[in-house]
Number of protein chains: 2
Amino acid sequence: MKVLSKGCVYGLRALLYIVSEKPREEYVNIREISEELDISFHFLTKTFQSLTQKGILRSYRGPNGGVTLDRPPEEVSLAEIILTLEGEDFFDKCLLGLAGCGQAAPCPAHEFWIAHKAELRAEFERTSLADMGRKINKEKLRLGP
Amino acid sequence: MKVLSKGCVYGLRALLYIVSEKPREEYVNIREISEELDISFHFLTKTFQSLTQKGILRSYRGPNGGVTLDRPPEEVSLAEIILTLEGEDFFDKCLLGLAGCGQAAPCPAHEFWIAHKAELRAEFERTSLADMGRKINKEKLRLGP
DNA sequence: CAATTTTAAGATAAAATAGTATGAAATCTT
DNA sequence: AAGATTTCATACTATTTTATCTTAAAATTG
């Protein structure tokens, strides 16, 4: 049950690194993060662009530039990060992948699947970056899959 | 949030077709199912092999051969079908895809993710093929994604 | 024995995902 | 102002996964 794409996981790990290792408001060099977490620099760069556009990160170009959280980590939910990196329709998919599935023509799994997705979304909404940062296991952040 | 592979979805749709359209114990021609549901015959064939090996389906070769449910649909859970077609480790994966994540070295999402997977699994366990068959929307079964 | 139908394994193709390359724009240092 | 640094943006390539097709074998029927 692979739920998140690699890009999304990279983004999450990187955000957790920033939250747990760096002072708030300090611009962190992307190259440093990529080396520290063993993630391709250019790939991470792309992921960060989406997070910057969404207002989760703030960026600064030029020497000593980098990225930093644009808001306190308490105000960034896991849901927002995932929706940004996986697409806003993340929670809208039918379990059986049927395009026409919906209130009007529900698939046999529609009812319970919709309830289940709502629960999951709520859980993701109430989990903030700060919450996750607190639970972090620093050694593990850098270990890939 | 794509959770199931196409093979798994095909298998489910095909099982639902058998349950809802055919008398119990009657061998159904695989080619017929593949044409009726617009699924590649050979692909479906492979999927059915797994279901047969698992004892969900029973098969019969030769003229008028085919597949039929090996057990009453009340006794086949959605969980069993999914575990068969997606692999037995379906519910064991870390949200962040970290190989080392577990009780000993939990990732920041470990706790709630494990609870969530358990719930989902329970839901899948108590949903039977018969339950789903009852909710079926015949036209929709054949529409692809 | 000939026709039919599932089983099985391997090759091929298509799609999705991941990663790379390049150059432009912004900012800093001198 | 010039040159260095660093993010931004887009386009391209490679890899992996998923899906499909090909071929041939085994079982069953008539």
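Chain letters run A, B, ... following the sequence lines, proteins first and then strands; every chain starts at 1.
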- Message: Just by distance, no angles: are the side chains of A:Ser5 and A:Glu86 close enough, under 3.5 Å, to form a donor-acceptor pair?
- Response: yes
How many Å lie between [atom1] on [X] and [atom2] on [N], as a whole number?
| X | N | atom1 | atom2 | value |
| --- | --- | --- | --- | --- |
| A:His42 | D:dC12 | NE2 | C1' | 13 Å |
| A:Leu51 | D:dA9 | CG | P | 13 Å |
| B:Lys2 | C:dA16 | NZ | C1' | 9 Å |
| B:Arg31 | C:dA3 | CZ | P | 17 Å |
| A:Phe48 | D:dT6 | CZ | P | 15 Å |
| B:Leu44 | C:dT7 | CG | P | 11 Å |
| A:Lys6 | C:dA18 | NZ | P | 6 Å |
| B:Asp70 | C:dT6 | CG | C1' | 15 Å |

- Query: Does the separation of the ring centres of B:Tyr10 and B:Phe48 fall below 6.0 angstrom?
  - Reply: no
- Do the two ring centres, one from B:His116 and one from B:Trp113, sit under 6.0 Å apart?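 B:His116 vs B:Trp113: aromatic centres under 6.0 Å.
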- Task: Establish whether B:Leu57 and B:Phe43 are linked, either directly or via other cluster members, by ILVMFWY side-chain heavy-atom contacts under 4.5 Å.
- Result: yes
- Query: Linking I/L/V/M/F/W/Y whenever any side-chain heavy atoms sit under 4.5 Å apart, do A:Leu95 and B:Leu37 land together?
  - Reply: yes
- Closer to the 5' end of DNA chain C via nearest nucleotide, is it B:Phe41 or A:Leu4?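 So the residue in question is B:Phe41.
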- Query: Going by heavy atoms closer than 4.0 Å, what residues in residues 60-68 of chain B are next to DNA chain D?
  - Reply: B:Tyr60, B:Arg61, B:Gly62, B:Pro63
Within the structure, does a side-chain N or O atom of [X] lie under 4.0 Å from either OP1 or OP2 of [N]?
| X | N | answer |
| --- | --- | --- |
| A:Thr52 | D:dT7 | no |
| B:Ser40 | D:dC21 | yes |
| B:Gln53 | C:dA8 | yes |
| A:Tyr27 | C:dC28 | no |
| A:Tyr10 | C:dA18 | no |

- Are the side chains of A:Ile39 and A:Tyr17 in touch, meaning some heavy atoms are under 4.5 Å apart? no
- Taking the side chain as C-beta and beyond, is there a heavy-atom pair between A:Leu69 and A:Leu129 under 4.5 Å?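 In contact.
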- Query: Which nucleotide sits closest to the side chain of B:Asn29: C:dT5, D:dT6, C:dG19?
  - Reply: C:dT5
- Query: Taking the side chain of A:Ser5 as its heavy atoms from C-beta onward, which of C:dA18, D:dT23, C:dT7 lies nearest to it?
  - Reply: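 Nearest to the side chain of A:Ser5 among the choices is C:dA18.
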- Item | Side-chain donor/acceptor of B:Lys46 to base of D:dT20, under 3.5 Å |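 When only heavy-atom distances are counted, B:Lys46 does reach the base of D:dT20 through a donor-acceptor pair under 3.5 Å.
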